[in-house]
Amino acid sequence: MTVVLSEARRMARAAGAAMALRVETVGLAEADGRVLAADVVAATRLPVTDASAMDGWAVAGDGPWQVDGAVRMGAPPGSLTEGSARVITTGGAVPEGATAVLRSERGRVRDGVLTADGPTSPAAGADIRAAGDEVRSGSIVAPKGARVTPAVIAAAAATGADAFEVVARPRVAVVLVGDEFVVRGVPGPGQVRDALGIALPDLLQDNGAAVVTVERVADDLEALREAISGGGVDLVVTAAATGHGACDHLAGALDAASAHVVFRGVGMRPGHPALLARRVDGVPVLGLPGNPFAAVVALTVIGLPLLAGALGAAPPRPRRRVAAEAFTAGTGGVRIVPVCEGDDGVRPVRQGPSVVSGAVAADHLAFVPDHGVAAGGLLDVVDLPWRR
Ligand SMILES: Nc1nc2c(c(=O)[nH]1)N[C@H]1C(S)=C(S)[C@@H](COP(=O)(O)OP(=O)(O)OC[C@H]3O[C@@H](n4cnc5c(N)ncnc54)[C@H](O)[C@@H]3O)O[C@H]1N2
Ligand code: MOO
């Protein structure tokens, strides 16, 4: 069954969401890039106590004040009596009884007595960050489904967290099909240098997956059936053999494995032979076309929604960009064009389906609808996965 691109993306996301991955606990230092399986809740308010916003003196009541010492950072705040002042630095805990902070540049100390420059004492509460002003204890610092970023880690650490509950990485088997490949050096006549054996696993890992095996199989139905049937994985991603040629055995291998084909063919070019199936044990099989750029396209526009669904993360939504020049329509559905971003909008980067070199310079993939887009019109784009 052939589907339109939007439908393929929806089905891929649903296939990912059906995976029901485990939840695991990881320390803050190992969490960057993972997806939260539960809200991160502040274990404390921030600031923990009333804190000084400036270097200066905590003062109690109106001046002049008798300076009675200094607030030690990291020590409990103690208390201050009316008419007294205590040296305090930015972030220091304001002693009980203090009514304001006087900034260092607005006062002077002579013989242990602090006087404010100018006619008045600071207003009540001046330059004091009230306890809980920034974060309330029990409030949500980062929601379930969010990707852990350095900002999430910093906010969680500041509010007392030592670990996160994250969604386990989906375990992926990558299967590269074909007899023609060499894996080092320059290919000889009739040979093809494998372009995907390293790049595909890297792309999957960068997007939250744990690639557990990378297997190469010949154009052989039984070998392919076996390769896509391995246990201990949550997802199988294959490259090549999606076509209808004599050597293309993916459909036959899925049939032999009694897998259910969710779709075979997507209304987009390149990448139209992409396929999604479900094994009898529920494990999805994503079949990427063999032409390397088509494989990268299919992984970006279909594989990433699948992974986002599996992780419970927000899907990578297309964004609107101005077309800096006209984009002509393709035949057979959405034309997918690598584009780079300039001041006047996005422009195409020349690219054929069988090489990935054009994508090296590109920022996004643009979706050109079947009526094309005039110069100055709007295009949907998704980021290339390494540009996020
Ligand atoms: N009669 C038709 N022929 C083709 C059609 C079509 O609609 N009708 N579609 C073309 C499109 S589009 C694509 S994409 C490919 C899909 O091919 P397969 O998925 O069956 O893959 P193969 O035929 O095995 O290989 C295609 C091409 O890609 C090269 N390849 C495969 N894997 C790798 C790799 N790991 N590294 C580098 N290159 C790879 C392979 O050598 C072939 O050149 O079908 C078209 N044909
Ligand atoms: O998926 Mo194919 O490019 O359209 O090479």
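Order of appearance sets the numbers: ligands from 1, and atoms from 1 within every ligand.
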- Message: Testing the basics here: between Asp127 and Arg103, what is the closest heavy-atom pair and its distance to 0.1 Å?
- Response: OD2-NE, 2.6 Å
- If you take all heavy atoms of Val233 and Val172, which pair is closest and at what distance? CG1-C, 4.4 Å
Those atoms of ligand 2 less than 4.0 Å from some heavy atom in [X]:
| X | value |
| --- | --- |
| Ala294 | 1 (O), 2 (Mo), 3 (O), 5 (O) |
| Gly271 | 1 (O), 2 (Mo), 3 (O), 4 (O) |
| His272 | 1 (O), 4 (O) |

- Would Phe367 and Ile302 show up in the same hydrophobic cluster when neighbours are defined by side-chain heavy atoms closer than 4.5 Å? yes
- Check whether Val262 and Leu288 end up in the same hydrophobic cluster, where Ile, Leu, Val, Met, Phe, Trp and Tyr are linked by side-chain heavy atoms less than 4.5 Å apart. yes
Any N or O of [X] closer than 3.5 Å to N or O of ligand 1:
| X | answer |
| --- | --- |
| Pro273 | no |
| Ala294 | no |
| Asn291 | yes |
| Gly290 | yes |

Counting only heavy atoms closer than 4.0 Å, does ligand 1 sit against the backbone of [X], its side chain, both, or neither?
| X | value |
| --- | --- |
| Arg193 | backbone |
| Val192 | side chain |
| Ala295 | neither |

- Message: As a quick check of understanding, evaluate salt bridge (charged side-chain N to carboxylate O under 4.0 Å, His left out) for Asp281 and Arg278, giving each step before the final call.
- Response: CA-CA 8 Å; Asp281 62 358; Arg278 191 170 57 245; over 6 Å; no
Under 4.0 Å from a heavy atom of [X]: which atoms of ligand 1 are those, numbered in the order shown and with their elements?
| X | result |
| --- | --- |
| Ala195 | 34 (C), 36 (N), 37 (C) |
| Pro289 | 14 (S), 19 (O) |
| His272 | 7 (O), 9 (N), 12 (S) |
| Glu180 | 40 (C), 41 (O) |

- Message: Tell me the nearest of Asp219, Asp248, Val183, Ile198 to atom 23 (O) of ligand 1, using heavy-atom distances.
- Response: Asp248
- Do Arg129 and Asp50 pass the salt bridge (charged side-chain N to carboxylate O under 4.0 Å, His left out) test, and can you show the C-alpha distance, the side-chain angles, and the key distance before you say yes or no? CA-CA 6 Å; Arg129 291 161 54 213; Asp50 288 352; over 6 Å; no
- Take Asp383 and Arg319, measure what salt bridge (charged side-chain N to carboxylate O under 4.0 Å, His left out) needs, and give me the verdict at the end. CA-CA 9 Å; Asp383 288 339; Arg319 288 172 290 118; 2.4 Å; yes
- Task: Determine, stepwise, if the pair Arg320 / Asp380 fulfils salt bridge (charged side-chain N to carboxylate O under 4.0 Å, His left out).
- Result: CA-CA 5 Å; Arg320 288 278 159 98; Asp380 277 348; 2.7 Å; yes
- Message: Taking a cutoff of less than 4.0 Å between a non-hydrogen atom of the residue and any ligand atom, is Pro270 in contact with ligand 1?
- Response: no
- Is the closest heavy-atom distance from Pro292 to ligand 1 below 4.0 Å? yes
- Can a donor-acceptor pair be found between the side chains of Ser84 and Gln66 at a distance below 3.5 Å? no
- Item | Ionic contact status for Arg106 with Asp117, cut-off 4.0 Å | no
- Message: Does any N or O of ligand 2 fall below 3.5 Å from an N or O anywhere on Pro273, backbone included?
- Response: no
- Message: For ligand 2, which is the ligand I care about here, please tell me if Arg269 has any N or O atom under 3.5 Å from one of the ligand's N or O atoms.
- Response: no
- Query: Pick from Thr300, Leu299, Leu304, Leu306: which one makes a side-chain contact (heavy atoms from CB on, under 4.5 Å) with Asn207?
  - Reply: Leu304
- Item | Over 12 foreign heavy atoms within 6.0 Å of CD, Gln191 | yes
